[in-house]
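I have placed the structure first, in the form of C-alpha cells, so that the comments after it can refer back to it.
This one's a predicted model, so the numbers in the text were calculated from it and none came from an experiment.
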Amino acid sequence: MKKGIIPAITGLVAGVLASTVFFAQTEVGPRPVANTSSTVKSNAEKVYVPFGEKDEYYLFASGGHSGQLFVYGVPSMRHIRTVPIFSQDSATGYGWSEESKKLMGNYTWGDFHHPAFSETKGEYDGKYMFATDVANSRAAVMDLKTFTVKDIIEVPNTSGPHCAAFVTDNSEYIFLPTRFSVPLGSAYASLDEYSQKYYGVMSAVQFDEQKQKLGVSWQVALPPWSYDLSDAGKGPSHGWGVITTYNTEEATTTMEINASQADRDFIVLFNWQELEKMVAEGNYEEVNGEKIVFPDKNKGGIYLVPVAKSPHGVDVTPDGTRFIASGKLAPSMTVFSFEKAFKAIENKDFSGEKYGMPVLNYDSVMEREVNPENALGPLHTQFDDKGMAYTTMFISSEIVKWDPNTGETLDRVPVQYSPGHSVAAEGDSASPDGKYIIALNKIAKDSYLSVGPSHPESMQLIDLTGPKMEIIQSAPVNPEPHYAQMIKADKIKTITVYDKDPSNPDAVYSQDQTRIERNGKKVDVYGIAMRSRFIFDAKSERPDVIEVNEGDEVTIHLTNIDFDQDITHGFAINKYDLNFEVQPGQTETIKFKADKAGTYPLYCTNFCSALHQEMNGYLLVKPKK
C-alpha cells in the first residue's frame with residue numbers, strides 16, 4: 001500500500017466520525033430527500049396546470065375560527081375562492097344582505113369544522129356540502145351549483161358539534177355529535193351534578209333537497225363525555241355509525257390531566273336505522289321541542305367499544321368492513337371489525353354496561369393493533385384505491401402508510417409540521433382515487449416568509465402514484481384548515497348565471513319595471529344593475545338617484561340583469577357601512593335606516609366594465625324639518 005493512502009483514509013474516517021458526533025440528525029424517522037434541480041423540475045411538472053386548463057380536483061378546507069371555506073385546485077394548490085359560511089364577508093356582502101343576515105341569525109362568526117359532501121351509495125355526488133359551527137351549535141348546507149349557503153339552523157340541546165356533519169352513505173342523515181356536554185337546553189346546573197344532569201347530545205339532521213332546508217329529526221342523549229370524530233358505515237355496515245369519545249372520566253376541570261386518567265375510552269357504535277324505528281314507534285321523550293332517545297330508558301341500537309385512550313379519528317374502510325381508531329395518548333391504531341361487532345351484539349358478548357349501553361368485549365371486536373416503529377400521535381386516517389391506510393402522526397410529524405389487512409408499515413413521509421388531519425383524493429368515500437393525499441399541518445414555523453409571530457398554516461401535497469410517497473408541493477393557507485375533503489372536479493356542475501325567477505316579487509328584469517315605492521316612512525326600491533349604471537326609477541329625471549327623508553326605513557331590491565357569466569356588480573353607499581354584490585341574474589335585498597341626513601354617493605364596488613368608475617349615483621337624505 002502506498003505510504004500516503006493510510007493517513008488519507010484515517011482522515012476521512014475521522015471526518016465522518018466528527019460529522020456524525022457534532023452534526024447528527026436526532027429526529028425520528030427518515031429525512032426528506034434533498035431537492036436536486038432534476039427533482040425540483042419533476043415535482044414542478046407534476047403540479048403545473050397551464051393557464052386556461054383546470055385542476056383535476058377541488059379541495060374544500062374548513063377555515064376553523066375564520067368561519068370560512070377555503071377552496072383550492074389540486075394538483076396546482078392554487079387558492080380559487082374563499083366562501084363565507086358562518087362569518088360576515090364584506091367582499092360579497094354576506095351577513096349584510098337580508099337573506100344572509102337571516103341565515104346568520106344574531107351571530108357574526110362561527111368556528112367551522114369538518115366539511116362533508118352529500119353522498120349517493122357512499123360516493124360524493126357533487127350536489128351539496130354540509131358544515132358545522134362548534135362555537136354556536138349550528139349546521140349549514142352549501143349548494144355546489146352556486147357555492148352559496150342555502151340554510152343554517154341552530155341545533156337545540158347541544159353545545160359544540162365538533163365532530164362534524166358526518167353524512168350517511170345516501171345522505172339520509174347528517175349526524176352531529178357534540179364536543180361539550182351540557183344540561184339539555186343549556187339550562188343552569190352545578191358542575192357538582194355533572195354526571196346526573198349533563199349530556200353529550202347527538203343530533204340526526206335531515207336535509208330537504210326540494211325546499212333546501214335543514215331540520216333536526218331526532219336526538220340521542222349520550223353520557224356526559226366529549227365526542228370527537230365520527231364516520232358512517234357503507235356497504236355491509238350501511239345503517240351504522242361510529243363516534244370517538246374522550247373524558248369518559250367525566251372530569252369538569254383541568255381536562256388535560258383529569259380527562260386522561262382511565263386506561264381506555266370508547267367508540268360509540270350505533271344503528272341509526274334501529275334508532276329511527278324506535279323514534280317512529282314513539283320510544284322517546286320530547287325536550288325543548290325535540291324528540292330525544294335516552295339509552296338508559298330506550299334500550300337498543302347503541303353500543304360501546306373500548307378503544308385506546310383519547311382517540312381522535314375513527315374512519316370506516318372503503319369496503320365498509322372495518323373501522324379504525326387512533327388513540328392520541330397510546331401510539332397505535334386499532335382495526336375493528338364490523339362483522340365481529342355484529343356477532344358480539346348477537347351473542348350478547350358484553351363486558352358490562354354504561355348508561356344503558358352494552359360494552360362489547362374488546363378482544364371480540366378488535367382485529368389487530370398497529371404500532372409503526374417510532375410513530376407518535378396518530379390522529380386521522382384516509383385511504384387509497386387499494387384500501388391501504390394513511391395515518392397522520394401529530395407528534396412525529398409524518399404520514400404513515402400501512403396495510404389494514406396485516407398491520408404492516410408500507411411507507412412513511414415526514415411533513416412540516418404536526419399534521420392534524422389529512423385528505424386523500426375522495427379518500428373517505430367508497431372508492432378512493434389513490435392519486436394524492438394532502439397533509440394539513442398545524443405548524444409551519446419556518447416554511448414561508450414571516451408575517452410576524454403567527455405563521456401561516458401549511459398544506460403539503462403528496463404524490464401516491466410512485467413506488468414511494470413523495471411531497472411534490474407545499475402551500476400556505478389562512479387559519480385554520482381543520483379538515484378537508486377532495487372531490488373530482490367534474491362531479492361539480494356549477495351554473496354560470498341565475499335563471500329568471502318570475503315568482504320573485506322583489507326581482508325586476510327590465511328598465512320599465514324599476515320603481516321607488518313610498519308608504520309613509522317605508523321606502524322600497526326595485527332597481528337594476530347593468531353595465532355600467534344603476535336604474536332605480538326609469539321614469540325619474542335622474543334614474544340613478546334615491547331620494548328619501550331622514551328617518552325613513554329603506555329597502556333596496558337590486559337585480560343584476562347582465563345575464564353573462566362573471567359580470568358581477570357590487571353596491572355600496574358611502575358612509576352608510578353597506579356593501580353587497582349581485583351575481584348575474586340574481587336579486588339581493590338590503591335594508592337600512594336613513595338616519596344620517598345629507599348627500600351620499602352610491603357606487604358599484606365590483607369592477608365590471610371599462611366604465612365601472614362611472615357606475616354610480618346618489619342617496620339623498622332630506623333632513624327633518
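For the pair Arg368/Val335, a side-chain contact is recorded, criterion being any heavy-atom separation below 4.5 Å from C-beta on. Taking 4.5 Å as the limit, some side-chain heavy atom of Met142 sits within range of a side-chain heavy atom of Val83. A 4.5 Å side-chain heavy-atom check between Asp428 and Asp315 finds every atom pair outside the cut-off. Residues Phe175 and Val205 have side chains not in contact (no heavy-atom distance under 4.5 Å, counting atoms from C-beta outward). For the pair Leu176/Phe166, no side-chain contact is recorded, criterion being any heavy-atom separation below 4.5 Å from C-beta on. Ile399 places a side-chain heavy atom less than 4.5 Å from the side chain of Ser422. Put simply, the side chain of His421 does not reach to within 4.5 Å of the side chain of Leu379, judged on heavy atoms. Here the side chains of Phe86 and Asp111 are not in contact, with every heavy-atom distance at 4.5 Å or above.
The residues Glu339 and Arg322 are annotated as not salt-bridged, no charged nitrogen and carboxylate oxygen being separated by less than 4.0 angstrom. Between Asp463 and Lys46 a salt bridge is recorded (basic side-chain N to carboxylate O distance below 4.0 Å). Using a 4.0 Å cut-off between charged nitrogen and carboxylate oxygen, Lys121 and Asp169 do not count as a salt-bridge pair. Between Lys150 and Glu209 no salt bridge is recorded (no basic side-chain N to carboxylate O distance below 4.0 Å). A salt bridge links Lys145 with Asp143: at least one charged nitrogen is closer than 4.0 Å to a carboxylate oxygen.
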Decide yes or no on side-chain contact (heavy atoms from CB on, under 4.5 Å) for Val316 and Lys234, but give the supporting numbers first.
CA-CA 8 Å; Val316 175; Lys234 53 179 79 80; 4.0 Å; yes
Verify salt bridge (Lys or Arg N to Asp or Glu O under 4.0 Å) between Arg412 and Glu373, making sure each step is shown before the conclusion.
CA-CA 11 Å; Arg412 57 208 300 169; Glu373 185 179 6; 5.8 Å; no
Verdict with reasoning, Glu426 to Glu123, per side-chain contact (heavy atoms from CB on, under 4.5 Å):
CA-CA 8 Å; Glu426 307 221 346; Glu123 303 282 0; 4.2 Å; yes
Could you walk me through whether Asp125 and Ser118 pass the side chain to side chain donor-acceptor pair (under 3.5 Å) test, one step at a time?
CA-CA 6 Å; Asp125 58 27; Ser118 54; 2.5 Å; yes
Please lay out, stage by stage, how Tyr128 and Phe207 fare under the test ring-ring contact (aromatic ring centres under 6.0 Å, His included).
CA-CA 10 Å; Tyr128 297 96; Phe207 176 58; 4.8 Å; yes
Checking side chain to side chain donor-acceptor pair (under 3.5 Å) for the pair Gln210/Gln212: CA distance, chi angles, key distance, verdict?
CA-CA 6 Å; Gln210 187 173 359; Gln212 295 197 314; over 6 Å; no
Are Trp225 and Phe266 close enough, and set up right, to give a ring-ring contact (aromatic ring centres under 6.0 Å, His included), and what steps lead you there?
CA-CA 10 Å; Trp225 306 336; Phe266 296 104; 5.6 Å; yes
Test log, rule side-chain contact (heavy atoms from CB on, under 4.5 Å), inputs Ile492 and Tyr58
CA-CA 9 Å; Ile492 294 181; Tyr58 283 103; 3.5 Å; yes
Starting from the C-alpha separation in whole Å, work towards a yes-or-no answer on side chain to side chain donor-acceptor pair (under 3.5 Å) for Asn405 and Asp403.
CA-CA 5 Å; Asn405 302 299; Asp403 187 344; 2.9 Å; yes
Criterion side-chain contact (heavy atoms from CB on, under 4.5 Å) on Glu457 and Asn441, from CA distance to verdict:
CA-CA 6 Å; Glu457 265 105 274; Asn441 304 320; over 6 Å; no
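With Thr244 contributing its side chain and Leu229 its backbone, the two residues share a donor-acceptor pair below 3.5 Å. Under the 3.5 Å distance criterion, the side-chain polar atoms of Asp133 are left unmatched by any main-chain donor or acceptor of Gly110. In terms of modelled atom types and a separation under 3.5 Å, the side chain of His380 and the main chain of Gln382 share no donor-acceptor contact. Under the 3.5 Å distance criterion, the side-chain polar atoms of Ser137 are matched with a main-chain donor or acceptor of Gly160. For the pair Asp265 (side chain) and Lys309 (backbone), a donor-acceptor distance under 3.5 Å is absent. In terms of modelled atom types and a separation under 3.5 Å, the side chain of Asp564 and the main chain of Ile567 share no donor-acceptor contact. Looking at Ser230, its side chain never comes within 3.5 Å of a backbone N or O of Ile243 through a donor-acceptor pair. Within the 3.5 Å criterion, the main-chain N or O of Tyr173 finds a donor-acceptor partner in the side chain of Thr168. Side-chain atoms of Ser418 do not come within 3.5 Å of backbone N or O of Ile443 as any donor-acceptor pair. Panel note: side chain Thr392, backbone Phe394; no donor-acceptor pair is recorded below 3.5 Å.
Taking the ring centre of Tyr362 as origin, the terminal cationic atom of Arg264 falls inside the region bounded by 6.0 Å and 45° from the ring axis. Within the cation-pi definition used here (under 6.0 Å to the ring centroid, within 45° of the axis), Lys488 does not qualify as a partner of Tyr124.
In this structure, the side chain to side chain contact (heavy atoms under 4.5 Å, CB included) partners of Tyr448, at least two apart in sequence or on a different chain, are Ala444, Pro456, Ser458, Ser474, Pro476. Ser66 pairs by the side chain to side chain contact (heavy atoms under 4.5 Å, CB included) definition with Gln68, Phe70, not counting sequence neighbours. Every residue meeting the side chain to side chain contact (heavy atoms under 4.5 Å, CB included) condition with Ser76, not counting sequence neighbours, appears here in chain and number order: Val49, Asp55, Arg78.
More than 12 heavy atoms of other residues, nucleotides or ligands sit less than 6.0 Å from atom CG of Asp490. The environment of CG in Asp446 is crowded: more than 12 heavy-atom neighbours from other residues, nucleotides or ligands sit within 6.0 Å.
Between the CG atom of Leu59 and the CD1 atom of Ile80 there is a distance of 9.0 Å, given to the nearest 0.5 Å. Distance OH/Tyr417 to NE2/His455: 11.0 Å, rounded to 0.5 Å. Between atom NZ of residue Lys435 and atom CG of residue Asp384 there is a gap of 13.5 Å, rounded to the nearest 0.5 Å. For the atom pair CZ (Arg81) and NE2 (His79), the distance works out to 8.5 Å, reported to the nearest 0.5 Å. Atom CG of residue Leu376 and atom NZ of residue Lys328 lie 15.0 Å apart, to the nearest 0.5 angstrom. Between atom CG of residue Asp151 and atom CG of residue Leu214 there is a gap of 4.5 Å, rounded to the nearest 0.5 Å.
Under the side-chain contact (heavy atoms from CB on, under 4.5 Å) test applied with Tyr57, the options Ile438, Asp433, Ile487 reduce to a single match, Asp433.
Outside the 6.0 Å centre-distance limit, the rings of Tyr390 and Trp402 are not counted as a close aromatic pair. Proximity of the aromatic rings of Phe323 and Phe338 is defined here by a centroid distance below 6.0 angstrom, and this criterion is met.
Ring geometry for Phe60 against Phe147 counts as tilted: the plane angle lies between 30° and 60°, on a 0 to 90° scale.
Under 3.5 Å, the side chains of Thr381 and Thr391 contain a donor-acceptor pair of N or O atoms.
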